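Quick notes on the structure that follows.
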Number of protein chains: 2
Amino acid sequence: MKQFSLSSSSTTSKGDDDSVLKLNLGLGNNSFGCHVGQSPRQRCPAPFLLKTYDLLEQGDDSTKIVSWNAEGTAFVVWSPAEFSELTLPKYFKHNNFSSFIRQLNTYGFKKISSKRWEFKHEKFQRGCRHKLGEITRKKCEPSVFPSYLKSSSEENATSSTEENNQQLLMEENKNLKKERLELQMQIDECKALEIKLLACLSQYMDTQQNKLRRLC
Amino acid sequence: MKQFSLSSSSTTSKGDDDSVLKLNLGLGNNSFGCHVGQSPRQRCPAPFLLKTYDLLEQGDDSTKIVSWNAEGTAFVVWSPAEFSELTLPKYFKHNNFSSFIRQLNTYGFKKISSKRWEFKHEKFQRGCRHKLGEITRKKCEPSVFPSYLKSSSEENATSSTEENNQQLLMEENKNLKKERLELQMQIDECKALEIKLLACLSQYMDTQQNKLRRLC
DNA sequence: GGGAATATTCCC
DNA sequence: GGGAATATTCCC
């Protein structure tokens, strides 16, 4: 007899049973609670995003200080002064409005009104906490050279082309290592999924055996 | 499921308001009082160094928590627990001993005793606040090679060592690219396997359905 | 609005 | 100890 304990244990993602049911219904679907294909990359949302979202969900009287706009498609800081003094230190290690805005810019939020402090990001909307993982920092991509290597012009006239090459190489090197790590993580994810799939298959087979046995 | 570390920030550090305000004011000092033209590079000391120095100069009862050693050539954290809870938040935006140590390492301090938390830096001594500007971060500057590339012998890299470095870099680079390819192939295999598994599962389910139908 | 330095956290 | 990601500050 095969082991049920694996999938029935509650240690894994909630809804293993669900995924089994879904399997019975839709075959081509990769709905195992974790996705197989390339839906938008769901990472662990940045702490900044989670905090900012949570801060908006606080339904207390602070809604006069900061809140979603009417449509829930952006948020408004109604009172920057109070927001800085009261709200920010509850969630962050500072009370500077400008630092908060710096972070918003880092994550690609846009100020969408000249009359009030209203900020918008496509993936940051009321009720969509699950989309926060799709928001990423605006950092320069691994494949991009750092600014100090671009357009070095005359300043580095002293540095030889050899040194330049070396810097480029080091940069590429660093990026490759980062890529390696990411690929490794992808592989780990894949492997975990395989294990789940196999467990699922095994469980399904057992269930079917039992059904047949009962009918015979 | 993954864990998000909202931890410390949501639990407000009690009574921090004052210190935060002080911090913000204190930071303003940085742009002033920079010595120019002294023989050893006198820069504006890093906030971290100034705070750590000042924290030691506080002659209050906190000397039981942290103080200079007898010779004034290093300093000792006598009580890490109290230091973390009481001293750190007065000067920094956290109360983690390990973050403090991370900073010490960044600035090149060395732990010089295995029996107590004693840290030393050549330029960080009692009565020598004016030398703090000579202490720099260990970060790899744009013009500096990473440690693993430094020949550790001379600053004036001869063309031969440069060539050597370059060769090493290119080699590592090549290997990394090879690795990348292999990892990519592993991923492709994984994905193919997933597809097969799903197909297999789906086919199996169909067969079972038919069996059941026939029996009913 | 964003580049870059420093600080804090996380992880090996 | 230190690499690297994220946070905070400073400055243009």
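This structure is a prediction, so every number in the text was calculated from the model and none was measured. Convention: sequence-line order gives letters A, B, ...; per-chain numbering from 1.
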Next item on the list: For L49(A) and dA5(D), give me the distance from atom CG to atom C1', rounded to whole Å.
Entry: 14 Å
Item checked: Interatomic distance, I112(A) CD1 vs dG1(C) P [rounded to whole Å] -> 12 Å
Notebook entry, point to check: Out of dA7(C), dG1(D), dT9(C), which nucleotide sits closest to the side chain of K111(B)?
Noted result: dG1(D)
Margin query: Without decimals, in angstroms, what is the distance between L88(B) CG and dA7(C) C1'?
Written below: 13 Å
Notebook entry, point to check: For the pair made of NE2 in H94(A) and P in dT8(C), what is the distance, rounded to whole Å?
Noted result: 13 Å
Check: Looking at the rings of F83(A) and F100(A), which for Trp means the six-membered one, are their centres under 6.0 Å apart?
Finding: yes
Check: Rounded to whole angstrom units, what separation is found between the CZ atom of F92(A) and the C1' atom of dT9(D)?
Finding: 15 Å
Item checked: Given dT9(C), dG2(D), dA7(C), the nucleotide with the shortest approach to the side chain of N105(B) -> dG2(D)
Notebook entry, point to check: Under 4.0 Å: is that the gap between some side-chain N or O of K93(B) and OP1 or OP2 of dA7(D)?
Noted result: no
Next item on the list: Would you please confirm or rule out a distance under 4.0 Å between OP1 or OP2 of dA7(D) and any side-chain N or O of Y107(A)?
Entry: yes
Checklist line | Check: dG2(D) base within 3.5 Å donor-acceptor of R102(B) side chain | finding: yes
Notebook entry, point to check: Separation of F48(B) atom CZ from dT8(D) atom C1', in whole Å?
Noted result: 16 Å
Check: Of the candidate nucleotides dA7(C), dT6(D), dT8(D), which contains the atom at the shortest distance from the side chain of Q103(A)?
Finding: dT8(D)
Item checked: Which residues share a side-chain hydrogen bond (donor to acceptor under 3.5 Å, both in side chains) with R129(B), sequence neighbours left out -> D54(B)
Notebook entry, point to check: So, is N96(A) close to the dT9(D) phosphate, meaning a side-chain N or O under 4.0 Å from OP1 or OP2?
Noted result: yes
Check: So among E118(B), R116(B), K120(B), which one has a side chain to side chain donor-acceptor pair (under 3.5 Å) with N69(B)?
Finding: E118(B)
Checklist line | Among F48(B), W68(B), Y107(B), the one residue meeting ring pair (Phe, Tyr, Trp, His ring centres under 6.0 Å) with Y53(B) | finding: W68(B)
Notebook entry, point to check: Between atom CZ in R137(A) and atom P in dG3(C), what is the gap in whole Å?
Noted result: 12 Å
Next item on the list: Step through it carefully: locate the ring centre of W117(B), locate the ring centre of F97(B), and say whether they are under 6.0 Å apart.
Entry: yes
Next item on the list: Calculate the interatomic distance between K51(B) atom NZ and dA7(C) atom P; express it in whole Å.
Entry: 7 Å
